Amino acid sequence: MTLVVSACGGGGGGGGAAGTAAAGCTVGVSWNNYQEERWAKWDEPAMKKAIEAGGGKYVSNDAKSSAETQASNVDNLISQGAKVVVILAQDGTAIKPAVAKSIQNGVPVIAYDRLIEDPKALYITFDNVLVGKLEAQAVFKAKPEGNYAIIKGNKADANADFLRSGMEQVIGDAVKSGKIKIVGETYTDNWDPSKAQTNMEQILTQNQNKVDAVLSENDGMAGGVIAALTAQGLAGKVPVSGQDGDKAALNRVALGTQTVDVWKDARLLGKTAGDAAVQLCKNSDPTKVSGTAQFKTPGGNSLSSILLTPNPITKDNLKDVLDAGWVTKADLCQGVPAGRASACG
Ligand code: BGC
């Protein structure tokens, strides 16, 4: 089904296409926005570095959360000479015609991090079902019964449902048996932290604050959720999940207001996509890119893909993100009282 490539090494290292510079390999990258810290801080520099190390040229644009802008941005990258296009899709369905057109015109497409249901695209991401599973495992361990709220990401991003299905693997039986009651479940437009906060406030109000655990799909939204909990004196009492390894979220894990941060080393994802793009410049067939396997999509397609493995970070293994050079001790441990998290002393 899915090939899981273990995430070793991380970040550093040399170019993918050593020796043979891919002359004229312009890679166009269409970002949907830079709302989460990871995109500008980790994904983009790693991807750019890998493309340049392979002799290619990096060009990019930002759709600023507009699916329409993103479609024209893809055309724009091609008119700037892109031989390969990498897309972080704002809306995985709305972008399909632009993707089909690009591939038909001989410009291969990498669906970066988020699925685009086109069997000819190359899909490079983390195992998102596993991300949801790891989020739920940590929260379920802390609170195996009670009232759960589920704060999902953007509906037009397939990751929202992949994560949710991973959560179901963990809590499904307890929901069926009635041990866990889902008292609120919402998608969140654009993964917007302030919308997540508003949704969480409403769920708290509707349930007279009787919420025992929150499955938030990412760190940005966990920030909004924890702000809502703080206002009711519940932060640190109600377990909350997240993903991305945002600096603020890792600090919350150390402080004890966030239970788990599923860390995806986005440096490795960016490098993997950059290396793959350089290979596609030479041979546009995604099945020939090294390390790919077929991924069966919810829409019944099969895509060449590379899936990396995420790592759950709790207060017990914060050292891992320090050792990886992902966060400084000053940021991780800001305001953390002595004895609360071993990585902070
Ligand atoms: C990514 C997450 C990210 C979210 C919002 C998802 O598709 O997998 O890492 O937090 O988008 O940008």
Side-chain angles (χ1 to χ4, degrees), residues 2 7 29-44 46-47 62-67 70 86-95 110-117 121 123-135 151-167 186-197 199 215-225 240-250 252 258 260-270 272-273 295 297-298 305-313 321 326:
T2 63
V29 185
S30 168
W31 299 98
N32 84 301
N33 64 37
Y34 288 97
Q35 179 175 271
E36 283 68 38
E37 180 177 284
R38 60 171 287 193
W39 307 118
K41 186 174 178 188
W42 303 115
D43 293 79
E44 184 173 36
M47 199 187 293
D62 174 7
K64 302 203 164 74
S65 308
S66 159
Q70 186 158 48
V86 180
I87 302 174
L88 175 67
Q90 166 68 28
D91 180 322
T93 306
I95 200 66
I110 297 178
Y112 185 71
D113 193 277
R114 301 175 181 160
L115 180 64
I116 300 168
E117 287 261 9
Y123 178 40
I124 297 183
T125 188
F126 283 85
D127 182 340
N128 294 291
V129 175
L130 182 56
V131 173
K133 188 174 173 181
L134 295 170
E135 290 179 336
I151 307 296
K152 298 185 287 190
N154 195 34
K155 197 172 196 301
D157 176 348
N159 285 341
D161 287 338
F162 282 136
L163 288 155
R164 180 64 183 88
S165 71
M167 291 171 178
T186 55
Y187 287 103
T188 311
D189 284 347
N190 275 327
W191 302 82
D192 183 333
S194 63
K195 291 195 172 122
Q197 180 170 345
N199 289 338
L215 295 172
S216 159
E217 288 191 345
N218 81 350
D219 283 345
M221 300 192 305
V225 164
V240 178
S241 63
Q243 64 156 329
D244 285 344
D246 284 4
K247 173 170 97 177
L250 291 166
R252 290 193 297 263
Q258 185 170 327
V260 64
D261 187 344
V262 177
W263 174 44
K264 305 184 297 188
D265 191 336
R267 295 171 296 195
L268 191 56
L269 193 71
T272 303
F295 177 85
T297 69
S305 68
I306 299 176
L307 264 65
L308 306 182
T309 304
N311 294 299
I313 301 294
V321 278
W326 184 263

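Both ligands and their constituent atoms are indexed starting at 1 by order of listing. Values in this document were obtained by computation on a predicted structure and should not be read as measured data.
Annotation: the span from Glu36 atom CD to Gln243 atom CD amounts to 9.0 Å, rounded to 0.5 Å.
In this structure, Asn218 contributes its side chain and Met221 its backbone to a donor-acceptor pair below 3.5 Å.
Pro312 is linked by a side-chain contact (heavy atoms from CB on, under 4.5 Å) to Leu134, Val260, counting only residues two or more places apart in sequence or in another chain. Judged as a side chain to side chain donor-acceptor pair (under 3.5 Å), and not counting sequence neighbours, the contacts of Ser66 are Thr69. Remark: Thr188 engages no residue in a side chain to side chain donor-acceptor pair (under 3.5 Å) (not counting sequence neighbours).
Shortest non-hydrogen contact noted between Asp62 and Asn32 is OD1-O, 3.5 Å.
The 4.0 Å heavy-atom shell around ligand 1 contains residues Glu36, Arg38, Trp39, Asp113, Arg114, Asp157, Asn159, Trp191, Asn218, Gln243, Asp244, Lys264, ordered by chain and number.
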